[in-house]
Protein chains: 2
Amino acid sequence: MILIAERINGMFTDVKKAIAEKDKQVIGELAKKQTEAGATYLDVNVGTAAADQEGTMQWLVESIQETCTTPLCLDSQKPGVIAAGLKVINAKGGVILNSTPLNKKTDEEIMDKYIEMAEQAGPKASIIALTMDKNGVPQDIDTRVAIAAEIVQKAMEKGFDSRRLFIDTIVLPVKVPNAQVQPCNILAAMDQIKYLADPAPHMTVGLSNISQGATERSLINRVFLAMAASHGLDSAIVDVLDEKLMNVVATAEMLMNKQIYSDSFLKVYTSVKKP
Amino acid sequence: MILIAERINGMFTDVKKAIAEKDKQVIGELAKKQTEAGATYLDVNVGTAAADQEGTMQWLVESIQETCTTPLCLDSQKPGVIAAGLKVINAKGGVILNSTPLNKKTDEEIMDKYIEMAEQAGPKASIIALTMDKNGVPQDIDTRVAIAAEIVQKAMEKGFDSRRLFIDTIVLPVKVPNAQVQPCNILAAMDQIKYLADPAPHMTVGLSNISQGATERSLINRVFLAMAASHGLDSAIVDVLDEKLMNVVATAEMLMNKQIYSDSFLKVYTSVKKP
């Protein structure tokens with residue numbers, strides 16, 4: 001599973017403080033710890049506090065790259081902030097541009113910009129596209145799948161390989177009652193999205209969102225991740241420092257026949273660098 | 001989820017000893033503990049050690065019924081042993097006859113006998129039918145589904161309500177390499193079996209079998225149960241005394257929209273008697 005580590009995000013107090021104080025060490029340590037825990041990519045999100053988002057993105061990228069070479073996942077809804085990060089990044093090992101809806105309220109083709117930036121960043125650059133459009137996050141399964149189909153079609157038209165596309169089916173907090181966007185409906189959408197192209201696009205979710213504001217956050221994250229892995233989810237933005245979650249990832253990979261069982265399957269999984 | 005508690009089984013040392021010594025207290029305590037932990041049914045299996053299997057089944061049923069009124073799941077491949085249990089049982093709250101293959105090697109229609117016994121035991125009596133036939137456990141998804149379809153058809157022909165039918169898709173140990181009967185293939189079979197009748201037959205598995213001989217048994221059981229619950233599994237023969245497993249059951253039910261989220265969803269689930 002392609003694991004995008006979520007912790008370098010200005011929404012977390014320690015990162016926010018490090019950004020304010022220009023404390024490279026805090027960022028570097030988070031980068032190192034998450035890499036050691038098994039991150040395939042490190043998410044980089046400036047949060048909302050920084051006045052100069054573009055400069056902050058560059059400072060974060062540079063701070064991380066002084067410590068490790070783990071590929072980054074530049075996380076912003078603003079193309080300008082992503083572009084700023086790309087100016088200073090070493091994207092040889094890959095980079096993900098996270099994320100774009102299909103289009104904005106004004107019908108502005110925002111996804112086109114992300115594809116263009118990815119093409120410029122090199123052959124290993126991918127994008128995360130959200131199953132939402134000018135009407136926001138769809139309330140039913142069919143519209144989610146229809147938007148995913150449009151995303152895949154747009155990528156194909158642009159000659160952008162479906163393997164460079166991560167479709168984020170958007171999980172919403174279970175704590176917020178919403179009859180239509182239940183987790184089970186997200187799984188039903190995944191069942192269809194995985195067949196939209198061959199080779200299939202990746203599917204990802206911002207896992208921790210599902211347990212936002214809930215009790216038993218790690219348990220809810222773990223159970224949903226196990227379910228989603230069995231419906232084709234092959235990537236997730238997660239807290240890789242949650243050891244119990246990482247054990248579930250390793251077990252799910254083994255049960256889905258992506259890793260062979262051995263008595264030390266947990267250790268084998270976390271010690272092997274993933275694609 | 002309909003949880004069939006697995007611990008009153010002569011294969012476990014304490015139960016074997018209790019049977020040999022006719023120690024009702026050990027059996028009664030297991031019945032009580034499993035009921036309190038959330039068992040919908042208590043499995044009753046004499047194991048292989050007892051010379052008089054029919055008499056032992058009756059003694060177990062009577063010992064349990066002196067302690068609690070939890071419905072029982074009489075577990076034997078021998079119709080005579082099930083019949084002996086039925087003679088002394090109080091099946092008002094329901095009973096499951098566990099289990100029958102579609103037929104035996106000689107083409108003997110063994111499933112017919114289990115349906116007949118269930119009909120005689122009353123309207124709340126169900127059977128567990130295994131997706132195996134005279135050729136044994138099938139090695140591929142399609143044959144598993146085909147056997148399940150024959151099971152459903154046979155039940156329909158006999159006028160036996162599909163809601164009284166539990167189809168056991170038979171999970172095999174992950175430790176035993178077997179390319180065709182991987183857990184992910186069992187899930188793929190479940191995806192089809194749930195649509196074989198309307199109302200759908202129940203689906204169940206002997207969960208602990210998947211981790212037989214493996215390390216991290218509870219973890220493997222938990223992750224597979226979460227996955228299977230998202231593919232329509234609505235029953236399982238499990239260790240209800242495994243608290244972590246029970247928490248996963250409660251979380252899976254909540255994520256699959258069968259329980260509403262509340263901050264105390266774990267406690268709510270285990271404290272409410274299930275159907």
I'd like to know whether B:Thr215 forms a side-chain contact (heavy atoms from CB on, under 4.5 Å) with A:Phe265, so could you lay out the CA-CA distance, the side-chain angles of the two residues, the decisive distance to 0.1 Å, and finally the verdict.
CA-CA 9 Å; B:Thr215 54; A:Phe265 72 97; 4.1 Å; yes
Kindly indicate, with the supporting measurements, whether the criterion side-chain contact (heavy atoms from CB on, under 4.5 Å) is fulfilled by B:Leu266 and A:Leu219.
CA-CA 10 Å; B:Leu266 290 183; A:Leu219 176 64; 3.9 Å; yes
Decide side-chain contact (heavy atoms from CB on, under 4.5 Å) for B:Leu255 and A:Ile210; before the verdict, give the C-alpha distance in whole Å, the side-chain angles of both, and the deciding distance to 0.1 Å.
CA-CA 10 Å; B:Leu255 290 172; A:Ile210 201 169; 3.9 Å; yes
Let me see the working for A:His231 and B:His231 under side-chain contact (heavy atoms from CB on, under 4.5 Å), right down to the final yes or no.
CA-CA 9 Å; A:His231 289 267; B:His231 289 267; 3.3 Å; yes
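You'll find the side chain of B:Leu187 reaches within 4.5 Å of the side chain of A:Met256, heavy atoms only. By the 4.5 Å heavy-atom criterion applied to side chains, A:Ser230 and B:Ser230 are counted as neighbours. Counting heavy atoms from C-beta outward, A:Arg222 and B:Val223 have side chains that stay 4.5 Å or more apart.
Side-chain atoms of B:Thr251 do not come within 3.5 Å of backbone N or O of A:Ile220 as any donor-acceptor pair.
Under a cut-off of 6.0 angstrom, the local environment of NZ in B:Lys16 is sparse, with at most 12 non-hydrogen atoms contributed by other residues, nucleotides or ligands. Around atom NZ of A:Lys154, more than 12 heavy atoms belonging to other residues, nucleotides or ligands sit under 6.0 Å away. For B:Lys32, the NZ atom sits in a loose shell: 12 or fewer heavy atoms of surrounding residues, nucleotides or ligands are nearer than 6.0 Å.
The distance from atom CE of B:Met254 to atom SG of A:Cys184, rounded to the nearest 0.5 Å, is 11.5 Å. A distance of 11.5 Å separates NZ in A:Lys258 from CD in B:Gln182, rounded to the nearest 0.5 Å.
Counting all heavy atoms, side chain and backbone alike, A:Ala226 lies closest to B:Met227 at O-CG, 3.3 Å.
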